[in-house]
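Read through the structure below, which is laid out as structure tokens, and then see the notes.
These figures come from a predicted structure and were not determined experimentally.
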Amino acid sequence: MSSLAPTLLDSLLRLLPAPGRTRLDPAEQLALRQVVSALAAALERGELGLDLEGPAPPELEPQADGGSEASSRAAPGWPAAQLAALEACGWLVDANALENQPEAPVVRAGRWLRWRRWHQQLSHCIAGLIERGRKGVAPAPSADQRRQARDQASAAGLDAQQSAAVQALLEHQLVLLSGGPGTGKTSTVVQMLAAALRLQPRLRLQLAAPTGKAAARLGAAVAAGAPALQADLAERLATLPCGTLHRLLESRADGAGFGRRPGRELELDLLVVDEVSMVDLPLMQALLAALPQHARLLLVGDPNQLPPVGPGAVLLELCRPETLADLGPAAVELRTAYRNDGAIATLASAMRTQAEPGGELLQALHPRLEQLRPNDNVTWQEAPAATPPVDALARLREHQQRLGELAAALGVLDPQASPAGAPAAVALLAELERLILLSPVRQGPWGVEGVQRALLGEAHAGPMQRWPIGTPVLNRRNLPEQELANGDIGVLVAGPDDGRLVLFPGGRLLHPTRLAAAEPALALTVHKAQGSQYGEVLLLLPSGRHLDARLLYTGLTRARRRARLYTAPLPA
């Protein structure tokens with residue numbers, strides 16, 4: 001049971017006793033404990049509610065609430081018993097009748113069951129986004145300007161869907177551009193921005209993403225696509241400001257909100273947000289609150305990736321059929337793949353329609369893995385589950401050794417002098433992105449911590465100053481004063497007096513004491529790698545409920561050139 005659930009259930013029973021009832025019968029008590037536990041656990045996973053048409057949540061299993069006498073019996077059927085228990089308490093209200101039961105804490109909205117507070121926040125946020133999508137741009141482009149934009153998009157090689165996205169940005173205050181890897185999202189964004197600048201050259205543009213890595217990739221990709229444009233547009237796009245959403249919104253170091261808010265809105269006319277799958281509901285609410293009324297918002301993302309760690313998967317909500325219908329032409333999905341990613345793309349495509357959890361997912365995937373050929377860019381290897389795969393550790397040790405050699409080549413660095421242009425620094429930061437091991441879990445033999453303990457030995461548990469130079473370092477806090485975001489990765493190098501410094505992209509050097517929440521990054525959870533890409537990905541796939549199709553899809557698509565999958569032995 002979720003650690004939050006028992007306290008929450010006790011509080012609700014004291015504050016909201018069932019009307020006209022002295023106590024619930026044992027079956028109702030069991031169903032109520034289960035559904036409260038499931039709703040609380042969903043929040044801890046970053047999900048706002050439960051899918052009433054999906055499989056029963058794990059909290060409904062017989063031993064879910066600690067082995068009590070009630071829980072030792074088989075759980076009642078999902079979701080009828082749980083809904084009946086909520087109704088018996090007077091705790092359930094339909095989303096269309098909230099005012100009729102203002103005290104009811106749980107809302108049923110179609111196939112979804114949510115806490116009332118989160119349902120209302122989500123509804124308000126999605127309604128605000130839809131409203132922007134329906135609003136026109138002022139001044140509206142003329143028929144001639146729209147026709148010219150279509151011709152220019154066609155001349156640039158854009159297909160019908162991509163051209164529709166260009167048109168949408170010229171006509172709507174909000175545009176949702178979705179698509180999988182290789183569908184040309186970034187090249188479409190370049191043409192969308194160029195079309196907007198042709199009509200309004202003085203537009204104030206800003207690029208942003210949830211993490212530093214994702215923001216750096218977006219800025220570099222837009223700059224790389226700019227040279228194909230006319231000189232003045234190319235120069236504008238190559239030098240656009242780009243950063244994390246937290247930095248853009250002026251996140252406070254103490255976590256107490258943002259500096260940008262109503263009355264002190266962002267000073268821009270068009271904002272592009274990439275990797276929207278990583279944006280949770282509170283962050284999107286803060287963004288909308290800080291966005292000027294006239295500003296356009298371009299949201300770009302892949303709805304098949306993992307949802308955000310925080311509560312509320314905004315992109316998934318926007319991509320629901322009913323919301324897409326409300327957005328109309330302001331929502332454009334790119335479906336044609338223009339980049340041949342070989343077996344990586346084939347497996348990723350299969351995951352988009354795969355729903356089986358855990359071991360069932362691996363079983364469903366087994367026939368495709370057996371069909372992989374030696375020259376495919378995906379390889380598959382079975383390994384004993386009791387220890388990290390030997391082959392994966394060997395490849396990581398080679399990577400670790402190369403990082404150490406490149407860090408040593410830099411020598412002892414002066415913390416006041418940036419080595420950004422030094423060839424050894426460039427090579428060291430490039431090596432960081434050559435290889436990564438990803439796992440869905442932190443604990444256990446195939447977890448991130450177990451892998452890094454195997455690589456670092458006793459130094460793993462010690463302070464950063466004891467780690468060997470060349471060790472990748474993951475920053476786990478938003479540090480706006482250091483221009484660092486949660487998820488940024490640097491590498492440990494030698495500093496004065498046998499000390500250590502951390503070198504980050506851009507040549508920034510920081511002392512380890514300024515990174516109190518840092519940890520080794522020779523391996524990452526799939527969640528932490530979202531928004532990044534690596535030349536080669538070693539993906540561990542232990543069986544269990546924590547494994548789902550979106551996790552495998554996200555892990556696979558972090559690989560630019562090659563992926564190696566490791567599973568425990570699967571039944572024939």
Test: [X] and [Y] ion pair at under 4.0 Å:
{"X": "Arg442", "Y": "Glu519", "answer": "yes"}
{"X": "Arg260", "Y": "Glu250", "answer": "yes"}
{"X": "Arg296", "Y": "Asp269", "answer": "no"}
{"X": "Glu398", "Y": "Arg395", "answer": "no"}
{"X": "Glu131", "Y": "Arg134", "answer": "no"}

Residue pair [X] / [Y]: nearest heavy atoms and the distance that separates them:
{"X": "Lys185", "Y": "Gly179", "result": "NZ-O, 2.9 Å"}
{"X": "Ser439", "Y": "Val448", "result": "CB-CG2, 4.1 Å"}
{"X": "Asn377", "Y": "Arg561", "result": "CB-O, 3.3 Å"}

Quick one: ring pair (Phe, Tyr, Trp, His ring centres under 6.0 Å) partners of [X], sequence neighbours excluded?
{"X": "His119", "answer": "none"}
{"X": "Tyr534", "answer": "none"}
{"X": "Trp380", "answer": "His366"}

Derivation and outcome, side-chain contact (heavy atoms from CB on, under 4.5 Å), residues Arg477 and Asn486: CA-CA 4 Å; Arg477 288 183 182 172; Asn486 184 354; 5.8 Å; no
Quiz question: by atom type and distance under 3.5 Å, do the side chains of Gln162 and Gln191 form a donor-acceptor pair? no
Consider only side-chain N and O atoms of Glu275 and Thr211, and report whether a donor and an acceptor are under 3.5 Å apart.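 Judged by distance alone, the side chains do not pair up.
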Min side-chain heavy-atom separation [X]-[Y] under 4.5 Å:
{"X": "Asn304", "Y": "Thr557", "result": "no"}
{"X": "Glu317", "Y": "Thr323", "result": "no"}
{"X": "Leu207", "Y": "Leu205", "result": "no"}
{"X": "Arg150", "Y": "Ser163", "result": "no"}
{"X": "Leu435", "Y": "Leu396", "result": "yes"}
{"X": "Leu249", "Y": "Leu283", "result": "yes"}

Got a sec, which residues hit salt bridge (charged side-chain N to carboxylate O under 4.0 Å, His left out) with Glu171, two or more places apart in sequence or on another chain? Arg146
Can you sort out the partners of Arg236 under salt bridge (charged side-chain N to carboxylate O under 4.0 Å, His left out), two or more places apart, ordered by chain and number? none
Take atom [atom1] of [X] as the centre, draw a 6.0 Å sphere, and report whether it contains more than 12 heavy atoms from other residues, nucleotides or ligands.
{"X": "Gln293", "atom1": "CD", "answer": "no"}
{"X": "His511", "atom1": "NE2", "answer": "yes"}
{"X": "Glu235", "atom1": "CD", "answer": "no"}
{"X": "Gln230", "atom1": "CD", "answer": "yes"}

Distance-only, no hydrogens or angles: does the [X] side chain make a donor-acceptor pair with backbone N or O of [Y] under 3.5 Å?
{"X": "Arg247", "Y": "Leu245", "answer": "no"}
{"X": "Lys213", "Y": "Gly487", "answer": "no"}
{"X": "Asp376", "Y": "Val378", "answer": "no"}
{"X": "Arg560", "Y": "Gln533", "answer": "yes"}

Should Leu177 and Leu169 be marked as a side-chain contact (heavy atoms from CB on, under 4.5 Å) after you check the CA-CA gap, both sets of side-chain angles, and the distance that decides it? CA-CA 10 Å; Leu177 180 66; Leu169 190 67; over 6 Å; no
Could you walk me through whether His527 and Thr554 satisfy the side-chain contact (heavy atoms from CB on, under 4.5 Å) test, starting with their C-alpha distance in whole Å, then the side-chain angles of each, then the deciding distance to 0.1 Å, before giving a yes or no? CA-CA 8 Å; His527 266 108; Thr554 302; over 6 Å; no
Would Val332 and Thr188 satisfy side-chain contact (heavy atoms from CB on, under 4.5 Å), going step by step from the backbone distance to the final call? CA-CA 11 Å; Val332 180; Thr188 303; over 6 Å; no
What residue among Arg434, Arg558, Arg564, Arg562 forms side-chain hydrogen bond (donor to acceptor under 3.5 Å, both in side chains) with Glu536?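 Single pass found, and it is Arg564.
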Pairs in or reaching into residues 161-201: which pass ring-ring contact (aromatic ring centres under 6.0 Å, His included), with residues at least two apart or in two chains?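 The answer is none; no pair qualifies.
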